[in-house]
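Step one of this worksheet: look at the structure below.
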Amino acid sequence: MRDITRKLVELLDLSPIGDDHFQGDSEDLGFPNVFGGQVLGQALMAASRTVEDRLPHSLHAYFLRPGNHSMPIDYEVQRVRDGGSFSVRRVIARQDGKEILTGSMSFQREEEGLEHQFDMPDAPDPDTLKSEQEYGEMLAPHVPEKMRPMMTRERPIEIRPVDPVNPFRPEPRPPHKQSWFRAQGPLPDDPVLHRCLLTYASDFSFLGTSMNPHAVTFMSKEMQVASLDHSIWFHRDFRMDEWLLYDKDSPSASQGRGFNRGNFYTREGRLVASTTQEALIRKRAR
């Protein structure tokens, strides 16, 4: 495992601080606030620590306040129900005594059932694409110096976008995006870890899908942008150290909000997870 990936795995490895209470560190990715995917991944890990012999199959969370990346985050897990097949947990994430995220996670024992899935959409092979870090290094000489570390930083999750958008000179595009995702280096054989890592990664390059038609990005000065909620459904087993295609679309934007959907496919075409997210994409008054 590469050092940068090991640090992310350690970030998701929460410390117990009491009965069904856990604490996680925060990382600074160069954003003003804590990256939402970090809070989601840690919240799922906290809930998973209170469940045995069942894997998470769905997560639904609301972002309540921006997180401070200079402070740790406390996670309180509430055991809502343990049934014959399913377990439900509620998680509250807090900083400085204030809730920054609340969510519910459901876990299921392994079982066989009816199966079908959408076909995987067409997409270029990841080996033919450049990574986000490579694009960042190409753009770095043309941006203010204080922004260069964020654009060129080494990433534990390698992302290779299909037809990337220049964040400083966006043009109107259809509300659809694709990216290939893969962790840098091999990972342990822990299905909970792989699902928490996908949860972490699923927040990258997601809400921007709803801004594509409007020729704006999260770097546009006139935009106020933030994730409002996030949901994930896990359909089949997968590995985050193998390539996954993240295919995203945005059916609607209105009233300052953009709605986004996504599907994760393996390279062989198996649909392994689906996501939704509504985001604030508000144009500030002049």
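Values below: all heavy atoms of this structure, side chains included; hydrogens, waters and symmetry mates excluded. Since we're looking at a predicted model, the values are computed, not measured. In what follows, residues are counted from 1 in the order of the sequence shown.
Put simply, the side chain of E268 does not reach to within 4.5 Å of the side chain of W243, judged on heavy atoms. At least one side-chain heavy atom of W233 sits less than 4.5 Å from a side-chain heavy atom of T276. When side chains are defined from C-beta on, F234 does not count as touching L55, because their heavy atoms never get closer than 4.5 Å. At least one side-chain heavy atom of L198 sits under 4.5 Å from a side-chain heavy atom of L244. For the pair L271 and R236, the minimum side-chain heavy-atom distance is below 4.5 Å. With a 4.5 Å cut-off on side-chain heavy atoms, F238 and R195 count as touching. No side-chain heavy atom of M105 sits under 4.5 Å from any side-chain heavy atom of P56. Using a 4.5 Å heavy-atom cutoff, the side chains of D82 and R89 are in contact.
Looking at V34, V39, L64 one by one, the single match for side-chain contact (heavy atoms from CB on, under 4.5 Å) with L101 turns out to be V39.
For the residue pair D189 and H194, no side-chain donor N or O sits within less than 3.5 Å of a side-chain acceptor on the partner. If you check the side chains of H57 and S106, you find a donor sitting under 3.5 Å from an acceptor. Under 3.5 Å, the side chains of T275 and K248 contain no donor-acceptor pair of N or O atoms.
Interatomic distance, CZ of F181 versus OG of S205, reported as 4.0 Å (0.5 Å rounding). Atom OG of S227 is separated from atom CG of N260 by 8.5 Å, given to the nearest 0.5 angstrom. Note that the CD1 atom of I92 and the CG atom of D74 stand 12.0 Å from one another [nearest 0.5 Å]. Rounded to the nearest 0.5 Å, atoms CD (Q42) and OG (S26) are 6.5 Å apart. Atom CD1 of I157 sits about 7.5 Å away from atom CZ of F204, to the nearest 0.5 Å. How far OH of Y200 is from CE of M240: 10.0 Å, rounded to the nearest 0.5 Å.
Proximity of a side-chain donor or acceptor of Q38 to a complementary backbone N or O of D28 within less than 3.5 Å is not detected. Counting only distance, with no hydrogens or angles, the side chain of R49 and the backbone of L14 share a donor-acceptor pair below 3.5 Å. Between the side chain of Q117 and the backbone N or O of R270, no donor-acceptor pair lies under 3.5 Å. Under a 3.5 Å cut-off, the side chain of R239 and the backbone N or O of L187 do form a donor-acceptor pair. Of the possible polar contacts, one joining the N212 side chain to the P174 backbone as a donor-acceptor pair under 3.5 Å is found. The backbone N or O of G256 sits nowhere less than 3.5 Å from a side-chain atom of R282 that would complete a donor-acceptor pair. T217 contributes a side-chain N or O that, together with a main-chain N or O of M219, makes up a donor-acceptor pair within less than 3.5 Å. Between the side chain of E154 and the backbone N or O of I4, no donor-acceptor pair lies under 3.5 Å. Q184 places no side-chain N or O within 3.5 Å of a backbone atom of R2 that could act as its donor or acceptor partner. Between the side chain of R284 and the backbone N or O of K221 there is at least one donor-acceptor pair closer than 3.5 Å.
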Exercise for review: Determine, stepwise, if the pair Q178 / L245 fulfils side chain to side chain contact (heavy atoms under 4.5 Å, CB included).
Suggested key: CA-CA 7 Å; Q178 289 183 324; L245 175 68; 4.1 Å; yes
- Message: As a quick check of understanding, evaluate side chain to side chain contact (heavy atoms under 4.5 Å, CB included) for R160 and E132, giving each step before the final call.
- Response: CA-CA 6 Å; R160 296 190 180 185; E132 277 193 348; over 6 Å; no
| message | Between S254 and F259, does the side chain to side chain contact (heavy atoms under 4.5 Å, CB included) criterion hold? Intermediate values first, please. | response | CA-CA 9 Å; S254 63; F259 176 61; over 6 Å; no
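Surrounding CZ of F118 are at most 12 heavy atoms belonging to other residues, nucleotides or ligands under 6.0 Å away. Atom CZ of R6 has more than 12 heavy atoms from other residues, nucleotides or ligands within 6.0 Å.
In the hydrophobic clustering of ILVMFWY residues, with side-chain heavy atoms under 4.5 Å counting as a link, Y62 and I232 come out apart.
A salt bridge is absent between R267 and E242: the closest approach of a Lys/Arg side-chain nitrogen to an acidic carboxylate oxygen does not fall below 4.0 angstrom. K98 and D96 are not joined by a salt bridge, as no carboxylate oxygen comes within less than 4.0 angstrom of a charged side-chain nitrogen. Salt bridge R173/D163: present, at least one basic N to carboxylate O contact under 4.0 Å. No salt bridge links K7 with E27; every basic N to acidic carboxylate O contact stays at or beyond 4.0 Å. Ion pairing between a basic and an acidic side chain is recognised when a charged N comes within 4.0 Å of a carboxylate O; R79 and D19 show no such pairing.
The ring of Y246 has its center closer than 6.0 angstrom to the ring center of F206.
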